[in-house]
Each structure stands twice: as C-alpha cells, then as structure tokens.
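To start, the structure under review is shown below, and the notes come after it.
Everything numeric here is computed off the predicted structure, so don't read it as measured data.
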Amino acid sequence: MRNLALIIVFAVTAAVSTAIFPFVYWLPKALACRTNDDPSAFLTYCNGADYGDYEHGAFYWNLEPEATKALRSARVLFLGNSRLQFGFSTETSRRYFQEKNVPYYLAGFTYFENMVFIQRLIDQYNLNPDVIVINADGTFFSEKLLSTPATMFISKRNSLYWRTLYGYLLKAAFTRVVRPICGTLPFACSQKLQTLWRRRETGAWLWQGTFAELNKTIPIDPATRPPAPDEATMREFEKAADSLLRTLRLPRHCIILTAVPNSILTDEPIADRVGKRFQVPVIVPHLEGLATLDESHLNAASAERWSVAFLHEATPILDRCLRK
C-alpha cells in the first residue's frame, strides 16, 4: 500500500512538473511582448517566435468566453483578415453601432485568414447575424488555403493537435497574467515585440503604440498594385463564394462586399465580380489621400475616414436588414 501511495505521488508530481515547466521556461520570452492597459482586451498576437498567434485558438477552443459570447450575439458581423481589422477597428465604428444600439463584431484574423476558418466558426457557434460585411480580397474566397495557425488544429487530432492545444492554453493563461506581472515587475518586461490586442466585446484590434506608431504614414499608390486577377482565378473566387454564400442564413441584400484600400493587392475587381454574379451589394468608398502603416494596412487617420464613408453608404442596407 505504501509503495502504491509513493507511485501515485510520483506520478502526480511528474504530471504537474510536465505541465508547469514549459510555462516557466516560456514565460520570460513571452514577457517581451508589448502590453496594453485596456482590461477589456486580450493579447491576440505577438510578433515573436515564442508566441505568435493566440486569437485563432482562443475562438476555436473557446478560451475567451466573453469574446465568443459577443461573437454569437453580433447582429452585424465583419469577416476578413488583418486588412479588415485595421480598416474597421476605429472610434467611428464603435460610436456608429453604439448610437444604433446594435451589437457588432469584427471577426477578421491574422495570417491572411480566409473563409475556411471563418466557416468553421460560423458552424461551431451557430452564428446567425442580420448583416455580414466581407472584405473580398485575394485570399478570402478560397476553399483550399489555410492559414498557418488553422492548419495545426483543423487537421486530424494527432500529436500536433494536442501540442497546439497545450500551447494555446499557455497563451490563455499568459494573457491574464502579463499585465499584473509587468505592472509589478516592469524590469522583467522588455516590451520589444509588436503586439495586437483584441477587445472582447467588439473584436476591434488595439494596435496603436504596441504594433505601430499612430502617425506612421505611407501613401497608397495604386500603381504598385498587380493587375486584376485573370479570368480563371476569378472563376475560382466565384466558385468559393458560391460555396460560402449558400451556407449563410440571411438574404443576399444583407451581405455587403467591400475591399479595404491598400497598395499590395487589386481587390476591388474581386468584390465587383462576386457582387454582380450573386447579386450582393458592393460598397468600396473612393477617397483621396489615404495612407497605410506598411503598404498593406490603413493607418489610424485613414481608417477613421474610410470607415466613416463606408458606414455612411451602408446605412440604408443596415437599417433595412436590422429593422426585423
């Protein structure tokens, strides 16, 4: 009996050590991630090899229950990748929907995420908004592409799946302790790695000062964009769009396509083609003097201007679809 007790104690100790040691080893490296003081936000991405993505796993495994509750409750759902997030994570968007008393959620993701992962979330959480806004860029409408994070846990539940789950559980713990640690022991936190934080209630990203400087400005130059996709590629986009639109349980006139401006891709023709093919409204405001942080993502001032113009044009559609 005594030997059995010793075996049990040893097994429990070994299990606890195995679970805790990686966190203790990993924590000092993760403390290089820049922090944000907003208590409503969680650390969604840190630009370092020892952290990287958290938001994919946070939603896939429901590690942020307040965020997934807000996602399920949204009457207006925005879908896309990081360009959508930078374009609509604005005070304009927050104020607009607050004044209408309409819950909304920005469900764009890092790593050039597309419809495959987002469709998983729609099915998993039985999402049924009244309006969906899709940033129809060159990566979204694809049934084949998977982002790096998504490939690790959408595949079969092999050893990689369980290692990935454990890694995301570590990050779930970290996002809850990093602010108290860095507030109490600032010397332990180098704050040298770029980060993105996500508000749980709206999905908006907080990036100013943690990912890039507020006033960083690179004017958008349409001349640097590649030509519009060829006919074969457009047909592939149409095929993927058809697959997604068939699964969305709302009228086509309540699905809005857009193309957030940038200097990297020629996206507006994709939105126009898909919109015309499936009779879906397209709203792409054309404003002069827009600028990006990095040629790909709108800076703060341009995102405010562009989201004002978009929401102004979208208001008749939003009012009609939200009236029910």
Side-chain angles (χ1 to χ4, degrees), residues 29-56 58 67 78 80-95 105-113 135 137-140 147-149 171 174-175 178-179 182 186 189-200 202-222 224-225 258-265 267 285 287-310:
K29 299 179 182 180
L31 286 173
C33 300
R34 295 172 185 166
T35 56
N36 179 282
D37 294 331
D38 190 331
S40 72
F42 63 90
L43 178 55
T44 198
Y45 170 81
C46 178
N47 189 19
D50 294 297
Y51 196 97
D53 170 74
Y54 172 55
E55 61 182 4
H56 284 79
F78 291 77
N81 56 29
S82 57
R83 293 190 188 93
L84 175 123
Q85 290 294 122
F86 277 91
F88 287 101
S89 293
T90 61
E91 180 63 17
T92 294
S93 301
R94 186 194 68 79
R95 237 182 6 249
Y105 207 87
L106 303 184
F109 291 85
T110 52
Y111 292 87
F112 304 101
E113 196 50 84
N135 187 45
D137 70 9
T139 62
F140 186 82
S147 66
T148 302
K171 294 173 187 179
F174 178 77
T175 195
V178 60
R179 278 182 287 231
C182 292
C189 305
S190 67
Q191 305 274 329
K192 65 182 181 180
L193 296 179
Q194 294 172 298
T195 56
L196 296 168
W197 293 72
R198 185 187 284 269
R199 283 199 170 111
R200 291 178 174 89
T202 64
W205 278 358
L206 303 176
W207 59 267
Q208 299 170 18
T210 64
F211 186 83
E213 296 304 319
L214 174 64
N215 58 357
K216 190 171 182 181
T217 300
I218 302 175
I220 289 180
D221 182 5
T224 64
R225 297 173 185 154
T258 191
V260 179
N262 64 87
S263 296
I264 303 293
L265 295 174
D267 297 328
L287 305 180
E288 296 294 329
L290 294 178
T292 66
L293 300 165
D294 51 10
E295 298 186 337
S296 184
H297 305 100
L298 290 177
N299 67 9
S302 292
E304 292 290 350
R305 288 178 57 214
W306 195 83
S307 59
V308 165
F310 176 90

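Here the side chains of Trp197 and Asp38 are not in contact, with every heavy-atom distance at 4.5 Å or above. Side-chain contact between Cys182 and Leu31 is present, with heavy atoms from C-beta onward closer than 4.5 Å.
Atom-to-atom distance recorded for Asn262:CG and Ile220:CD1 is 6.5 Å, nearest 0.5 angstrom. Once rounded to the nearest 0.5 Å, the distance linking CG of Leu265 with CZ of Arg83 reads 4.5 Å. Taking OG of Ser93 as the reference point, atom CZ of Phe78 lies at 6.0 Å (rounded to 0.5 Å). Here the CZ atom belonging to Phe42 is positioned 11.0 Å from the CZ atom belonging to Arg179, to the nearest 0.5 angstrom. In this structure, OG1 in Thr90 is found 11.0 Å from CD in Gln85, a value given to the nearest 0.5 Å. Here the straight-line distance linking atom CZ of Arg199 with atom CG of Asn36 works out to 8.0 Å at 0.5 Å rounding.
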Practice item. I would like to know whether Asp137 and Thr139 meet side-chain hydrogen bond (donor to acceptor under 3.5 Å, both in side chains); could you show each step before the answer? Key: CA-CA 6 Å; Asp137 70 9; Thr139 62; 3.0 Å; yes
Practice item. Go through the steps to decide whether Phe174 and Tyr54 satisfy the test ring pair (Phe, Tyr, Trp, His ring centres under 6.0 Å), and finish with yes or no. Key: CA-CA 10 Å; Phe174 178 77; Tyr54 172 55; 9.6 Å; no
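Classified by interplanar angle (parallel below 30°, tilted 30° to 60°, perpendicular above 60°), the ring pair Trp205/Phe86 is perpendicular.
Geometric assessment of Lys171 against the ring of Tyr51 yields a positive cation-pi assignment under the 6.0 Å and 45° thresholds. Stacking of Arg198 on the aromatic ring of Tyr45 is not recorded, the 6.0 Å distance cut-off and the 45° axial limit not both being met.
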